[in-house]
Structure formats: C-alpha cells, structure tokens
Amino acid sequence: MPELPEVEIVKQSLIKGVQFKKITDVIIKNRNLRFKIEKNLKNKILNKNINNIYRKSKYLILKFDKNEFLIIHFGMSGTLHKIKDNNKIKTNLSFYHLKNLPKKHNHVYFIFKNFKIIYNDPRRFGFIKYFNSHQKLNNFFKNYGPDPFEKSFNIEYLKKKLKDKKKNIKNLLLDQKFISGIGNIYANEILFYSKINPLKKGENISNYEINKILKISKSVLNKAIKKGGSSIRDFKNSKGKEGSFQEEFAVYDREKKNCKSRNCNSKIIKINISNRSTYICNYCQKK
DNA sequence: AAGAGGCCCTGATAGC
DNA sequence: TGCTATCAGGGCCTCT
C-alpha cells in the first residue's frame, strides 16, 4: 500500500488520536507477516504509553516512554483502522485508509481505553517489530538511504551515489538503500516531472537532472501529502477522508492517456522495468 | 559486488 | 457463470 506520503498521513492521524494514550491490551490474531510477530510482543508493550509517533521513509515508528519502539511497515496492503468501543460498527474515518474494517486479515488488535487500533494486511508483506533501545532502532535503519526530506539528501550525496552506477534511475529511486520512502507511484511521477527517462543509467544523470530530482521529489511528495496521499484500487471508490492524489497522477496508471504537459500531444505508454509497471511520456522523457 | 529477477501472499479484474 | 491469467503503493534473497 503506502509510500512515504501515505505513511505520513497515517502518522498525522495517529498523532491526533493515539499519542499519549496507553495500550491496555494486545490481541494477536495472526502472527504471519513478512516476519513473524514475536510471541511476547504483548508483554513488551502492555500498559505502555505512546509518547511520540514518527515516520522514517515508509516506516511508522511508535515511541514509548524509556526508549522503546514499535515499527510498523505496511508492505503492499497493510492498513490501520480505529474502532470506537461505544459503537462497534462505526469506524473512525480520520484514519487512513479504508472506510470499513475488513472482515479478514486482521492481524493485530491494539486495545486502548476507549478504542482499538487494528492492523490489517491481506498480502502479509508488512511487518511489526519491537526494539528496546535507540541503538537497536538505529541499527535497523543503518542500511537505509536518506528520506527525500532529510538534509543528507543533497547534491553531494546524489553526485557521489550516482557516479559509475549502471543501474537505471527508476530502479535507483526504488532502492531504499539509495533513497528511502519512494515507491512505484512516486518514482514514476518524479521522473516524469524531472523529464528523465526511467531507463537512463545513474552514471548518465547530469547535474542539472540531479537538481531536478532533488527539487521535484520533495514537491511531488509534499503535494501528495497535502492531498492526503493516494488511494487506489480497492480503495478508490470509498468516501471519507482517504487521499485524493490519485486524481492528479501525471503518468502512473495513465497508459494510453494524453500527456499532461503543455504543448505535448503524446500518449503515456507503459513499459516494464524489473517487473514493475513504468509509465512514461516518450516525448517529455527522452533518453 | 552490483544488478536483475524470483518469490513471498491474497484479491480484484479482464478475457475467454 | 466460472474458469484462468495477470496485476497490484514492497523488499528480501538468490543467482549471475
């Protein structure tokens, strides 16, 4: 499901609804995610207060008192849902992403005093991990590249990392060791607005293009955050507070549609790069 | 050692 | 309608 903007929306929702609240019970219905949820997770977080909530790339980080952390990754299909105890049917729409609580694939119930937060993940590509120190948390992220909003994501960094890289720029943007937080939707969008062909090799990216990537990755992601993220596929018809950035995609999922650039009469085409759908305007993104 | 592709999994949808 | 094939906001692992 989510890339950086969607996780950011979840984070913002949680800050409103869950920060400074205490977990009074944890019910694990199904431990099978990308990594098995540890058996004694409940004992580790029971009766603990969530004192802060962060996002790092596509990860949600819950911080408890005393430097204990829970990280949540949503994989392709993970979602969080808030259910109020005084009305079992009504879900709280301030939470990304689904309107209603799904019947299947609810893996974990985090119980609070007056509500529950439920982690649902049909495809099980997401995971939940606990760390009991700052060092262990940092260690988990040590191989991750900067998130596009971090200061270390700058000209020098990109120049250095792109030098002699044979890998194409699309795969580089998707490589979390290189930049973390960008996924398939936003990689496509960023390359379109940067007017860079996704197949262009890293080593051939010019300084001018590096500057474009720096600037445009931030602007595209920021715009998506402002729109509440992207809600596509099974989410696209639901109403409520889900994101609307999908309505503004320039290229993603726009095969055979008109290029949105002014003075361009081309159609968006879809190609395959490393088994991920890649959408380009061949005219605007010449090699 | 970097880079490409397979694979993990379920569900929605398109095409026959 | 009911098959089957393909595809999906990700990323770890294996092979070359």
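- In this structure, a donor-acceptor pair under 3.5 Å is absent between the side chains of A/Ser133 and A/Asn67.
- Listed candidates were C/dC12, B/dG6, B/dG11. Nearest to the side chain of A/Asn275 is B/dG6.
- Atom-to-atom, CD1 of A/Ile273 to P of C/dG11 comes out at 17 Å; the value is rounded to the nearest Å.
- Among C/dA8, C/dG11, B/dG5, the nucleotide with an atom closest to any side-chain atom of A/Arg123 is C/dA8.
- The side chain of A/Lys58 sits closest to C/dG10 out of C/dA8, B/dA4, C/dG10.
- Counting only heavy atoms from C-beta on, A/Glu3 has its side chain closest to C/dG10 among C/dA8, B/dG11, C/dG10.
- Proximity note for A/Pro122 (side chain, C-beta onward) versus C/dC12, B/dG11, B/dA4: the nearest is B/dG11.
- Between the C1' atom of C/dG11 and the CZ atom of A/Phe74 lies a distance of 16 Å, rounded to the nearest Å.
- Between A/Lys167 atom NZ and B/dA1 atom C1' there is a gap of 12 Å when expressed in whole angstrom units.
- Here A/Lys270 lies in heavy-atom contact (under 4.0 Å) with sugar-phosphate atoms only.
- Comparing C/dC3 with B/dC9, their P atoms sit 24 Å apart, to the nearest whole Å.
- At whole-Å resolution of the value, CG in A/Asp121 and P in B/dC8 are 17 Å apart.
- Distance noted for atom P between B/dA1 and C/dG11: 24 Å (whole Å).
- Within the nucleic acid shown, A/Asn32 has no heavy atom closer than 4.0 Å to any nucleic acid atom.
- Checked against the 6.0 Å centroid criterion, the rings of A/Tyr119 and A/Tyr109 do not qualify as a close aromatic pair.
- For A/Arg124 and C/dG10, the CZ to C1' distance is 16 Å, given to the nearest whole Å.
- The distance between the ring centers of A/Tyr130 and A/Phe69 does not fall below 6.0 angstrom.
- Residue whose closest nucleotide on DNA chain B sits further toward the 5' end, between A/Asn168 and A/Arg34: A/Asn168.
- For an aromatic pair to be called close, the ring centres must be under 6.0 Å apart, and A/Phe125 with A/Phe74 fails this.
- Side-chain proximity of A/Ser277 to B/dA4, C/dA8, C/dG10: nearest is C/dA8.
- Contact check for A/Ile61 versus A/Leu70: no side-chain heavy atoms found under the 4.5 Å cut-off.
- Within the structure, ring pair (Phe, Tyr, Trp, His ring centres under 6.0 Å) contacts touching residues 14-53 of chain A (residues at least two apart or in different chains) are A/Phe35-A/Phe127.
- Along DNA chain B, the nucleotide nearest A/Lys104 and the nucleotide nearest A/Lys166 are compared for position; the residue whose nucleotide lies closer to the 5' end is A/Lys166.
- To the nearest angstrom, P of B/dT10 lies 12 Å from CG of A/Leu33.
- In this structure, A/Asn184 does not reach the C/dG10 phosphate: none of its side-chain N or O atoms is under 4.0 Å from OP1 or OP2.
- Rounded to whole Å, the distance from CZ on A/Arg31 to P on B/dC8 is 21 Å.
- As a whole-Å value, the separation of A/Lys170 NZ from C/dG11 P is 13 Å.
- Applying the 6.0 Å contact sphere to CG of A/Asn265 captures no more than 12 heavy atoms from other residues, nucleotides or ligands.
- Side-chain atoms of A/Ser274 lie closest to B/dG5 of the nucleotides B/dC8, B/dG5, B/dG3.
- Contact check on A/Glu247 versus A/Lys227 returns no salt bridge, with no Lys/Arg side-chain nitrogen under 4.0 Å from an Asp/Glu carboxylate oxygen.
- Of the N and O atoms on the side chains of A/Glu6 and A/Tyr186, at least one donor lies less than 3.5 Å from an acceptor on the other residue.
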Using Watson-Crick and G-U wobble pairs with both distances under 3.5 Å, what is the 5'-to-3' dot-bracket string of DNA chain B, with [ ] for crossing pairs and | for pairs outside the strand?
.|||||||.|||||||

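- Phosphate proximity of C/dG11 to A/His73: present, with a side-chain N or O under 4.0 Å from OP1 or OP2.
- Note on A/Phe127: nothing from the nucleic acid sits closer than 4.0 angstrom, heavy atoms only.
- Distances shorter than 4.0 Å separate some side-chain N or O of A/His105 from OP1 or OP2 on B/dG11.
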